[in-house]
Each structure stands twice: as structure tokens, then as C-alpha cells.
2 protein chains.
Amino acid sequence: MTTQYGTRPTMKDVAARARVGLKTVSRVVNDEPGVTPATADRVRSAITELGFRRNDSARMLRKGRTASVGLLLEDIGDPFYSVLSRAVEAVARFHGSLLFTGSSAEHPQRERELAMAFCARRVDGLVIVPAGDDHRYLLPELAAGTAAVFVDRPAEQIEADAVLSDSVGGAREGTAHLIRHGHRRIGFVGDQPQIHTAAERLRGYREAMAAAGLPVDPDQVAMGPTDQATVAAALERLTSGPRPVTALLTGNNRITLEVLRRLPALPYRPALVGFDDLELAELLVPGLTVVAQDPAGLGRTAADLLFRRLDGDTTPPRTVRLPTRLIPRGSGETVAPR
Amino acid sequence: MTTQYGTRPTMKDVAARARVGLKTVSRVVNDEPGVTPATADRVRSAITELGFRRNDSARMLRKGRTASVGLLLEDIGDPFYSVLSRAVEAVARFHGSLLFTGSSAEHPQRERELAMAFCARRVDGLVIVPAGDDHRYLLPELAAGTAAVFVDRPAEQIEADAVLSDSVGGAREGTAHLIRHGHRRIGFVGDQPQIHTAAERLRGYREAMAAAGLPVDPDQVAMGPTDQATVAAALERLTSGPRPVTALLTGNNRITLEVLRRLPALPYRPALVGFDDLELAELLVPGLTVVAQDPAGLGRTAADLLFRRLDGDTTPPRTVRLPTRLIPRGSGETVAPR
DNA sequence: GTGAAAGCGCTAACAC
DNA sequence: GTGTTAGCGCTTTCAC
């Protein structure tokens, strides 16, 4: 192997070495017909000897498509998004595309920077879990032909494909489940209200309460960041005072986790239904009742839709809503004290 | 905004519109000095009007570096790797690089395809959780200047940087912990023995047993795939028969999870120490005792090392080993029956 | 201060 | 069958 450090051989080098034209090398590399077996062999030898590998970036520049898509999410370290991510990757792989990944950490500014960086690399399409509340910055990209599918949360201020969970329905079902078990003072701990899913889940909760003729006092609801301190304070607020809640609906996996950690310190044990399933949830005592989403389904559906767009589907933007599933395991079936 | 569907404006278009030369546009776009404010303004107007965005792929082709790195792991959906992944992403971001991600699903062939695909895109460097047992295929790439750091498991058949957990030490510590609590027949359930970490943890287990003068019969050890059926069969085998184990060391998070799920079905409850921490581990009853790795530390260290290489560090390949940490929570402290 | 020409590594189009 | 030319969108070089 005649490899020179830091200098990659190009097709031109291979051509020189095999004493053929540049285009002949290109033909061999791309398995195009019209090359004598003998010539092809010479070329292949030269390729091995030089350690040549085609520069796909240059190739894509010429061809127009980059065979890559960008996945933009909130935090790849969160199990919910990592499972979603795996599904997107599988679909991309099936379509011969590579995947750029980036986490916005819930910062609109970072979402935008990453999206723009992906677009500057000319990804064919984007799968986005949005953090911002205004996606008009994407309009020029969309107009230029970059496909985009939003997942988990819809796009704001623009029309775009979206694949969402039925957050309203899920929260309604979880709340109704608690009501069915005799609870009347049910608390809701959710993420920051400007996050679409958080607002929707709050809505579902309110709808179920209203449908049962139950009032929702302000001191039954806590919306805010999902860090430990904030959730702890929220829990403290809802479970103390003259009329503590007898049951809780928690708005996502991080909140559920924090609440679970704090439960032992409470003077009593409220019933609990968590939005999002957790690994080990069934092994807790009592088992954790959840409203499960389908993160893999979200990712797969979004990626499928993206590649359909890339294949030329120009029908109007659509919103797909995936159902949630209530999984009773014990924590949500404790009966309310009289 | 004069955007034409599917046609992206180029610098040439911007130049025409602003009635300047191509190079002047380039200067403005890259904040290079030597342009009159007035001219720069004309250029900037044209950029906005046309919705121009620099094509970074073309730029990189010319510049040589792509400002992107490839992260190759086993399964992005696994919490261990997703946390590792987040750390790599943070470092890459700090260095102004984008991240390609791909999962090998433990298939050597897929690892190789993905690595080659990343190299064909001319990533500046690779962070690899290897699945294969022969990485000589990377030699031409390394010679050509692509940096590579292996993480979680070392490279095989080639010399390369590696960032690893102290698997031997961790397994030894976990086993010794069980021995200290009076257990003499301790079982080990590990991943497939060709996986480096699995073999190392088996070794640590054996070392601790030997140090305590305890025999290890073949029917105390089960190494194999981590799917439900295989782990269930292994557990069944170790806990039945004339001399069932009184304690178990499980070799990674997936195995621990499966064992935890099966425990209730056993006729007795063996003590348990799991390799890898799990979310909720402390909320189980009893709490799960683990030998915790530091996935974020692995990712961060590996990425740091990669960028040091990209910055010109040409010292010989090194292996960094991160310590594990035993976290007693109850499941590993139950005393052995006499 | 500005711009024309060459070239990064490849493919498309069209010779021969 | 094979090679030559042009050009993808940008930066580098060097002239004005």
C-alpha cells in the first residue's frame, strides 16, 4: 500500500497509475458498464495500491443530492428521544442516507443554528423536534427544496408535516382513569407551558376534570422546568396545604422520575399516573401506571413521511397523530381516601 | 424574497444581483476585510432577497476539512450509548463540528460499512464503539489522516486510541462485594464472550473468585446474546439444579433488566449486583446495587482525545481507562443463606 | 477595494 | 471501450 500521510489519492491519481482516463476510473468505481474486464482489473489494482476511496462529498456536490438527513432533537441522552432517534436512523439507512444528529437542549437559538448548519451542508431533509416558537426561518430552505418533518411537536408559524402523539387524548385518559378510581382532587405537574406537548397535556387534564364536573384550582396545577428543584417545589406545593391532592398526573418522563424519587419523603402516597413509559416501571412497588407514547413509532412515521416527500410527494402538509396507551400497573389504581 | 422552488441561489447569483464580483460576495459572506461598507450592504441585500445560504459542502471540498465527525456505536437507543453520544455531541459542538451518527447493531459488517461511508464523506475523525474484531480496514483511512478514537471497547489488530471503563476492576469489585456478604456460589451472566467488555468482566469475576479461593464451576457462568429468551434460559440454569447460585453478577444493563424482570418468578431471590447503572435503580425494593460506569465521561474523554489529534497531537496511541464505581443499594447486600 | 482565473474531486455529456 | 471537456459552488491566487 503506497499511502502518503495526509494526502488522499484522487481518481486522477488512480487514472495515472492505471494508465487510463479519469472517466474510466469513475466507471469502475461506480460499476458502470462499458469497461473491459482487463482494464477494470488494472484500475482496481491501482485503487487498492493507492488506498483510494471515492470522495462522496465531491460526488454529491456534482449530483445534487447529499444522501443525508438531519435529525434535530431536544436531547439525544433522553431515552424517549434516543429511541425515536434509532427509528429515524433505521429508516434513513434503508433509504441509503446518513444521519446528522444534533440536540437543541430546548434552546430556540440552538435549534435554529443547528438547522441552518444542516441546511448549509445541504441535507436532503430534516426531522425536527422543535424547541422554538417560530419556524419561519426555515421558509427559504423549504422553498429551495429541503424537506422537513416535525415530530413530537408541531411547527409554529409555518405549515409543515408533523407527527405527534395524541397528548390531549392521552392526558384525558390518564386523568379519567384516576377519576374512575374515586379521586376528585387530582394534581397536574407539567413542563413549561410554552412547550406544545405540555400545553396539550394540561388541556387534556382540564377536559377530563371538566367532563367529570370537577373543579381545577390553581394550586392543583404546576407548570415549569423539569429540573429537580422545580419539580420538588411543585410536588411540595400540591401535596401540602389545607387540601392536598390525592392523585397526580405527571407530564413527561423526567417529571415522573423526579416525583417518584420524592414520593417516599411525602407524608402520604398520592396515586400516580405518568406520561411516558419508563424502563423498570413494572418492577416498582407499586408498578407505575403510565400513559405510554410510542417514540419508535413517532420516529419511524416521521422518517417515512420525510422520504416520501423526498421521493416527490407534493401533497399538502399533513399532521399524523399517534395514539397513546394507558398501562395500569398499580400506582394509578389506588383508591382515593374518603 | 425571490425564491425559486428547487433551485438554490449560489454566490454567482448573488454576485450578479449585487453587481459585484464573485469574490466580493465570498468576502462578505466570510467576514473578510477589504470591502466597502456600501458594497457589503448591497451584497447583503442581495443575499436576503435571494435567500442565499452558503453551500458548506462545496466550501469544505475546497478547504480540505469537513468540520464533521462520525460517531459509530452499537445502538443509539440504548441509554448507555445515548448518554455517551450526548457527551460526544457536546464536545463536537464546542469545536464547531457536526456529528454523523450510526448504529452497528453489533454487526461487524455494518460497522465497517458505516465507517467507510463516514470516511467517504471525509469526516475529520471517527469515534467508534467497535463491533468487529479486525479493524485493519481502517488503516488506509488513518494513513490518509482521518483520526479515530475507540471507546468502550479497544480496536482489534491495529494500534489506536481507546477510552475504556475498567471492566476487570469493576467486575472484581462487584464480585468481591458479594463475597464479602457471605456468598460463595456466585453466578455470572454476561454478553457474548467475543465482545471485549464481556470477556473482561468475566475475567474480573474470575479473579475475585480465585482471590477468595472460591471455585467457579461451568454451571455458574452464562455468556451469550442479551435477548430475553437467552437471558431467561441462563437465569433458569444458574438458579436451578442441585447447587443453585445464591448471588448474581450481571454483565450489562440489558442483562440486568431481563434478570430483574424474571426474579419474581424464581423460587428464591438471589443477591444481585448489576454492571451499569439504571434509571430508577434506587427506587426498586430492594434498591439495585450496581457497578456504575461513566458513559458521559467515556464520550467526553474520547471526543476530547479525538479533537486533540485533529489539532495535531501525534504522540503514540494511548489507552485511557476510566474507573467504575460500586453503588450499594440493597440488592447486593442480602446475606447468603447458610 | 475588487475581480478574473484556476482548481478542490467528482460526474454528465459528448466526443472518438 | 475509452477519453476529453465542462461544471457542481466554493476558496485561493494573483492581477488590477
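Numbered from 1 within each chain, the chains take letters A, B, ... in sequence-line order. Scope of the values below: all heavy atoms of this structure, side chains included, with no hydrogens, waters or symmetry mates.
Contact check on Asp311(B) versus Arg309(B) returns no salt bridge, with no Lys/Arg side-chain nitrogen under 4.0 Å from an Asp/Glu carboxylate oxygen.
When the C1' atom of dC8(D) is taken as reference, atom CZ of Arg8(B) falls 14 Å away, rounded to whole Å. The interatomic distance linking Asp31(A) (CG) with dG1(D) (C1') rounds to 17 Å, in whole Å. If you take NZ of Lys63(A) and P of dA13(C), they are 10 Å apart, rounded to a whole angstrom. Taking atom CG of residue Asp13(B) and atom P of nucleotide dG9(D), one finds them 8 Å apart after rounding to whole Å. Going from atom CG of Leu61(B) over to atom P of dC10(C) covers 9 Å, rounded to whole Å. Atom pair Arg122(A):CZ and dC10(C):C1' shows a separation of 18 Å (rounding to whole Å applied). Atom CZ of Arg42(A) is separated from atom C1' of dT2(D) by 11 Å (rounded to the nearest Å). Computed from coordinates, the Glu32(A) CD to dC10(C) P distance equals 14 Å when rounded to whole Å.
In this structure, the ring pair (Phe, Tyr, Trp, His ring centres under 6.0 Å) partners of His95(B), at least two apart in sequence or on a different chain, are Phe307(B).
Ring geometry for Phe100(A) versus Phe100(B): interplanar angle under 30°, hence parallel rather than tilted (30 to 60°).
Residue Asp56(A) is classed as having no contact, given no heavy-atom separation below 4.0 Å to the nucleic acid.
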Quick one: which protein N/O atoms are closer than 3.5 Å to N/O atoms of nucleotides 3-7 of chain C? Pair and distance per line, please.
residue	atom	partner	partner atom	Å
dG3(C)	OP1	Gly21(B)	N	3.3
dG3(C)	OP2	Gly21(B)	N	2.6
dG3(C)	OP2	Thr24(B)	OG1	2.5
dG3(C)	N7	Arg27(B)	NH1	3.3
dG3(C)	O6	Arg27(B)	NH2	2.7
dG7(C)	N2	Arg62(B)	NH1	3.1
dG7(C)	N3	Arg62(B)	NH1	3.1

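When atom types are taken as modelled, the side chain of Ser68(B) and the backbone of Ser97(B) share no donor-acceptor pair closer than 3.5 angstrom. When atom types are taken as modelled, the side chain of Ser26(A) and the backbone of Leu22(A) share no donor-acceptor pair closer than 3.5 angstrom.
Paired with Val35(A) under the rule side-chain contact (heavy atoms from CB on, under 4.5 Å), one option of Val20(A), Val25(A), Asp41(A), Thr24(A) passes, and it is Thr24(A).
Note on Asn30(B): a side-chain N or O is less than 4.0 Å away from OP1 or OP2 of dT11(D). For dC10(D), the OP1/OP2 oxygens have no side-chain nitrogen or oxygen of Ser26(B) closer than 4.0 Å.
Toward the 5′ end of DNA chain C lies the nearest nucleotide of Ala40(B), the other residue of the pair Ala40(B) and Lys12(A) mapping further downstream. Each of Pro33(B) and Ala58(B) has a nearest nucleotide on DNA chain C; the 5'-most of these lies closest to Pro33(B).
Judged purely by distance below 3.5 Å, without hydrogens or angles, the side chains of Glu74(B) and Ser104(B) never pair a donor atom with an acceptor atom.
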